[in-house]
Amino acid sequence: MRTRIVAGNWKMNKTFKEAEKLITEIADALDDIPLDNKEVILCPPYLYLEMAADVAEEANFSVGAQNCYPADCGAYTGETSPVMLQSLHVDYCIIGHSERRKYFNESHEFLARKTDALLKHGICPIFCCGEVLPEREAGNHFDVVKKQLTESLFHLSEEEIGNIVIAYEPVWAIGTGVNATPGQAQEMHAYIRQLVAEKYSPGTAENITILYGGSCNAKNADELFSQKDVDGGLIGGASLKAEDFISIVTSL
Ligand code: PEP
């Protein structure tokens, strides 16, 4: 059975004190929400991972990082390895976010290496994919997403792909207030699941969690999450306020 997930990507936001307050508020609110086969993941900046992991020990959420470098250790000034994340009990790591593809020129091949490095240390990659607006307008969005998945994930074994979460994030919807329609999200999620079925097996495709990301908020989460192939969301802006984020969690 697929795990349904709501993950909060805080990006480069919050001071330490603000982060502590938000994490505590979310942890307290989660105490009253039955999660069953559902998971809540908080992805604060690196600096706050240890604090988040400490709170998570007694709370109903998991901790994710927003990035990693694909090596165990070494002369990579400023970088953080999956080994380090594992040592802090970080269970997830976002990779392939469009902001990293854009501002840090991350290639498909580099993301394939990050995927391998994370899996080697038992950390689940949350692999982001999605097209920019001109690609959608030109009708190329399916091909773009297929290439992203093929070149960064489809070298994995069937067992390994079972340990990946995919997040479809149309770049034109990220931080814009314009979400994909539930129909657009469902169409792409079904396509991604079909690709996984063709490459691996229908059973593996059925079990893989595919999140939607891009201006998902307390108002539209219900409708987006009710789509057959949408298994939850990767939430940016709306994950920065406890009330909004918790409201999205209750839509799962
Ligand atoms: C994101 O950056 O992963 C994201 C989904 O952002 P937002 O929810 O703010 O559009």
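Just so it is clear, the model here is predicted, and its values are computed rather than measured. Whatever order the structure lists ligands and atoms in, that order sets their numbers, starting from 1.
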**Message:** Can you give me the closest heavy-atom contact between Asn13 and Pro45, atom names plus distance?
**Reply:** O-CG, 3.7 Å

**Prompt:** Relative to Phe110, does Arg113 satisfy both conditions: NZ or CZ under 6.0 angstrom from the six-membered ring centre, and within 45 degrees of the ring's axis?
**Reply:** no

**Request:** Please check if Leu234 and Val171 belong to a single hydrophobic cluster, counting links between Ile, Leu, Val, Met, Phe, Trp and Tyr side chain heavy atoms closer than 4.5 Å.
**Result:** no

**Message:** If only side-chain N and O atoms count, and only distance matters, is there a donor-acceptor pair under 3.5 Å linking Trp172 with Glu131?
**Reply:** yes

**Message:** Taking ring-ring contact (aromatic ring centres under 6.0 Å, His included) as the cut-off, I'd like each qualifying pair that reaches into residues 190-237, sequence neighbours left out, listed once.
**Reply:** Phe142-Tyr191, Phe154-Tyr200

Contacts table for ligand 1: protein N or O within a distance under 3.5 Å of ligand N or O, distances only.
| unit_1 | atom_1 | unit_2 | atom_2 | d |
| --- | --- | --- | --- | --- |
| ligand 1 | 2 (O) | Lys11 | NZ | 2.5 |
| ligand 1 | 2 (O) | His97 | NE2 | 2.7 |
| ligand 1 | 3 (O) | His97 | NE2 | 3.0 |
| ligand 1 | 3 (O) | Glu169 | OE1 | 3.1 |
| ligand 1 | 3 (O) | Glu169 | OE2 | 2.7 |
| ligand 1 | 8 (O) | Gly236 | N | 2.8 |
| ligand 1 | 9 (O) | Gly237 | N | 2.8 |
| ligand 1 | 10 (O) | Gly175 | N | 2.7 |
| ligand 1 | 10 (O) | Ser215 | N | 2.7 |

**Message:** Hydrophobic clusters here meaning ILVMFWY residues chained together by side-chain heavy-atom distances under 4.5 Å, can you tell me if Ile174 and Leu111 are in one?
**Reply:** no

